[in-house]
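One structure is given below, encoded as structure tokens.
Remember, it's 1-based here, ligands and their atoms both numbered in the order they're listed. Side-chain atoms are counted along with the backbone in the values below, which use heavy atoms only and exclude waters and symmetry mates. Start at 1 with the first residue, then count along the sequence.
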Amino acid sequence: MTSAPPSRTTFVLLAERLDPGRLRESVPLAPFTTFRIGGPADFFYETDSASDLANAVTAARELGIRYFVLGLGANILVGDRGFRGLVIRNRASHTRWGDDGRLWVESGAVMRDLILESVRRGWSGLEHYVGIPSTVGGAVWQNLHFLSPAPERERTVFIAEVFESCDILSAEGERKTVGADYVNFGYDDSVFHHRDDVALAVTFRLQRGDPAEMHRIMQENLSWRGARHPWLDWHPSAGSIFKKIEGVGAGRLVDQCGLKGFRHGNAQISHLHANIMVNLGGATAKDVKELIAIAQRAVEEKFGEHLEPEINFVGE
Ligand SMILES: Cc1cc2nc3c(=O)[nH]c(=O)nc-3n(C[C@H](O)[C@H](O)[C@H](O)COP(=O)(O)OP(=O)(O)OC[C@H]3O[C@@H](n4cnc5c(N)ncnc54)[C@H](O)[C@@H]3O)c2cc1C
């Protein structure tokens with residue numbers, strides 16, 4: 001889709017279709033990403049329900065305005081010149097808890113809040129993802145996953161395992177409920193990478209669990225993370241930068257090139273984890289992109305392997 005030039009007219013047209021109180025112009029995106037990087041969006045709208053999200057996407061499509069659905073901004077790098085079009089920050093987070101373990105939740109809900117509530121209610125299945133910044137929409141977009149650390153259950157758990165169905169607004173503008181066959185989860189992958197469908201709400205299927213056991217898992221996972229990953233509050237990042245290379249590990253290859261702690265501008269390859277790049281304060285998207293290229297070049301020269309970025313590049 002070609003983007004319409006930012007203009008007062010576009011703002012007025014959007015304001016006629018959306019709640020004008022939640023529509024803003026020229027909003028810096030850095031504070032809405034975990035990397036704390038990124039220039040302004042021409043237009044910025046915060047949704048408060050699944051219908052509001054569907055409406056905003058439909059308005060942008062019909063007006064021919066480029067749009068981007070933003071969750072917690074934990075898997076993206078926004079360009080320094082920002083985004084030409086409408087960024088729709090998804091804050092739709094209504095929930096319905098069924099007695100049978102079904103949880104229906106709007107896609108802007110934050111996993112942290114859901115985990116706390118599901119553990120409190122004694123429903124198990126989401127606790128593994130503690131400490132990973134994500135909305136529900138972001139979680140299905142990339143099939144959120146985590147390698148459980150404890151020896152007796154060391155395996156990668158995927159959000160697909162507790163997924164039952166998803167209410168979507170399809171690329172063609174149809175609202176419908178789809179199952180796992182349609183969503184087609186893969187490693188870091190789902191249908192949402194390949195079609196302009198938007199996840200409006202998700203139904204998870206949880207199991208009865210013992211809150212004490214869930215808290216144990218959460219504490220183990222958090223301390224495992226704490227020891228291996230830079231702390232987001234101090235060293236903003238977007239999690240893993242490169243896709244996994246089966247059997248080798250992208251981070252290990254970067255590490256073996258001696259790049260742990262390597263700094264370029266204000267971006268750095270973390271001392272703790274060579275597949276995580278951190279913002280040392282004031283890093284630009286340019287710094288990060290160049291650092292990505294440096295790591296790719298080094299790994300290609302030394303090992304002949306091509307590292308593919310896992311994060312999503314947004315805007316200019
Ligand atoms: C410190 C740190 C640790 C991390 N650890 C892990 C980890 O262990 N495992 C893991 O899997 N990931 C990890 N990540 C990556 C990140 O947490 C996940 O990718 C997360 O799912 C991103 O969710 P989000 O809401 O922030 O999505 P965003 O970054 O806001 O968006 C990501 C993509 O999803 C799309 N999207 C968002 N919502 C919707 C929707 N409703 N419908 C359609 N598309 C949508 C966006 O348009 C965008 O293309 C980590 C990130 C950080 C910063």
Side-chain angles (χ1 to χ4, degrees), residues 29 32-38 47 49-50 52-54 56-57 66-78 83 85-93 105-114 128-149 156-160 166-171 178 183 185-202 221-222 224-226 228-244 251 270 272-273 275-279 309-315:
L29 293 173
F32 300 101
T33 72
T34 56
F35 234 149
R36 298 281 181 259
I37 293 175
T47 60
S49 71
D52 192 30
L53 170 61
V57 171
R66 195 194 298 263
Y67 66 91
F68 178 76
V69 177
L70 175 68
L72 285 188
N75 206 23
I76 58 173
L77 177 63
V78 177
F83 185 78
L86 172 69
V87 167
I88 303 167
R89 184 173 183 230
N90 185 12
R91 305 200 67 185
S93 55
V105 56
E106 290 180 340
S107 58
V110 174
M111 288 299 292
R112 179 183 198 280
D113 302 334
L114 269 193
H128 308 286
Y129 309 99
V130 69
I132 308 177
S134 184
T135 57
V136 165
V140 292
W141 179 80
Q142 91 136 20
N143 193 8
L144 199 68
H145 50 84
F146 179 62
L147 176 67
S148 265
T156 302
V157 287
F158 293 91
I159 203 78
C166 188
D167 303 346
I168 64 164
L169 176 70
S170 75
V178 296
V183 177
F185 287 110
Y187 195 93
D188 283 341
D189 197 33
S190 73
V191 68
F192 300 104
H193 286 245
H194 310 286
R195 282 174 54 81
D196 280 335
D197 296 345
V198 175
L200 302 176
V202 172
N221 290 10
L222 286 170
W224 185 91
R225 261 176 195 286
R228 286 164 185 80
H229 293 183
W231 277 25
L232 208 47
D233 287 352
W234 290 89
H235 294 106
S237 79
S240 295
I241 285 282
F242 297 114
K243 285 187 182 159
K244 174 173 158 164
S270 164
L272 286 184
H273 195 307
N275 198 14
I276 297 180
M277 293 181 181
V278 295
N279 176 358
E310 185 203 296
I311 54 167
N312 201 357
F313 297 96
V314 178

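Nearest heavy-atom pair, F35 versus L77, reported as atom, atom and distance to 0.1 Å: CD1-CD1, 3.8 Å. N221 and V130 make their closest contact through CB-CG1, 3.9 Å (heavy atoms, listed as atom of the first residue, atom of the second, distance). A pairwise comparison of heavy atoms in L232 and S237 identifies CD1-N, 3.5 Å as the closest pair. Closest of all the heavy-atom pairs between S49 and E106 is CA-OE1, 3.6 Å. Scanning both residues, I132 and F146, for their nearest heavy atoms gives CD1-CB, 4.1 Å. The heavy-atom pair separating V202 from C166 by the smallest distance is CG2-SG, 4.0 Å.
Within ligand 1, the atoms closer than 4.0 Å to a non-hydrogen atom of L70 are 30 (O), numbered from 1 in the order shown. Annotation for ligand 1: atoms under 4.0 Å from non-hydrogen atoms of N312 are 48 (C), 49 (O). Of all atoms in ligand 1, listed by their number and element, those nearer than 4.0 Å to a heavy atom of A139 are 21 (O). Residue A238 has at least one heavy-atom neighbour below 4.0 Å for each of these atoms of ligand 1: 51 (C), 52 (C), 53 (C).
Of all protein heavy atoms, the one closest to atom 26 (O) of ligand 1 is A74 N, 2.9 Å. Closest to atom 50 (C) of ligand 1 among all protein heavy atoms lies G239 CA, 3.9 Å. The nearest heavy-atom contact from the protein to atom 14 (N) of ligand 1 is I132 CG2, 3.9 Å. The single protein non-hydrogen atom nearest to atom 25 (O) of ligand 1 is T135 OG1, 2.6 Å, given as residue, atom name and distance. Atom 47 (O) of ligand 1 has V69 O, 2.7 Å as its closest protein atom, hydrogens excluded (heavy atom only). Distance from atom 28 (P) of ligand 1 to its nearest protein heavy atom, with residue and atom name: G73 N, 3.7 Å. For atom 24 (P) of ligand 1, the closest non-hydrogen atom of the protein is L72 N, 3.5 Å. Ranking protein heavy atoms by distance to atom 17 (O) of ligand 1, first place goes to P133 O, 2.6 Å.
At least one N or O atom of G138 sits closer than 3.5 Å to an N or O atom of ligand 1. Between F68 and ligand 1, no N or O atom pair is found at a separation short of 3.5 Å. Here's the thing with L232: none of its N/O atoms is less than 3.5 angstrom from an N/O atom of ligand 1. Considering backbone and side-chain N/O atoms, H145 comes within less than 3.5 Å of an N/O atom of ligand 1. For ligand 1, the polar-atom distance check finds no N/O of L144 at less than 3.5 Å from any of the ligand's N/O atoms. Looking at Q142 next to ligand 1, an N or O pair under 3.5 Å apart turns up. Among the atoms of S134, some N or O lies under 3.5 angstrom from an N or O of ligand 1. For the pair A199 and ligand 1, the shortest N or O to N or O distance falls below 3.5 Å. For the pair F146 and ligand 1, the shortest N or O to N or O distance does not fall below 3.5 Å. Not a single N or O atom of D197, backbone or side chain, sits closer than 3.5 Å to an N or O atom of ligand 1.
Proximity of a side-chain donor or acceptor of S190 to a complementary backbone N or O of F185 within less than 3.5 Å is not detected. Checked by atom type and distance alone, the side chain of Y129 pairs as donor or acceptor with a backbone atom of I159 at under 3.5 Å. Of the possible polar contacts, one joining the S107 side chain to the L200 backbone as a donor-acceptor pair under 3.5 Å is found. Distance alone, capped at 3.5 Å, is enough to place a donor-acceptor pair between the T47 side chain and the R91 backbone. Side-chain atoms of N275 come within 3.5 Å of backbone N or O of F242 as a donor-acceptor pair. With hydrogens and angles ignored, the 3.5 Å screen pairs no side-chain donor or acceptor of S270 with any backbone N or O of I276.
Only the side chain of T34 comes within contact range of ligand 1, with a heavy atom under 4.0 Å; no backbone atom does. For S240, no heavy-atom contact with ligand 1 is shorter than 4.0 Å. Of the heavy atoms in Y129, none comes closer than 4.0 Å to ligand 1. Only the side chain of S107 comes within contact range of ligand 1, with a heavy atom under 4.0 Å; no backbone atom does.
Heavy-atom separations between R225 and ligand 1 include at least one value shorter than 4.0 Å.
Contact check for Y187 versus K243: no side-chain heavy atoms found under the 4.5 Å cut-off. At a threshold of 4.5 Å between non-hydrogen side-chain atoms, the residues W141 and N312 count as touching.
Every residue two or more places apart in sequence or in another chain that forms a side chain to side chain contact (heavy atoms under 4.5 Å, CB included) with D188 is listed here: Q142, H145, E310. For the side chain to side chain donor-acceptor pair (under 3.5 Å) test, no residue two or more places apart in sequence or in another chain qualifies with N143.
Taking each of L53, I168, T156, N75 in turn, the one with a heavy atom nearest to atom 29 (O) of ligand 1 proves to be N75.
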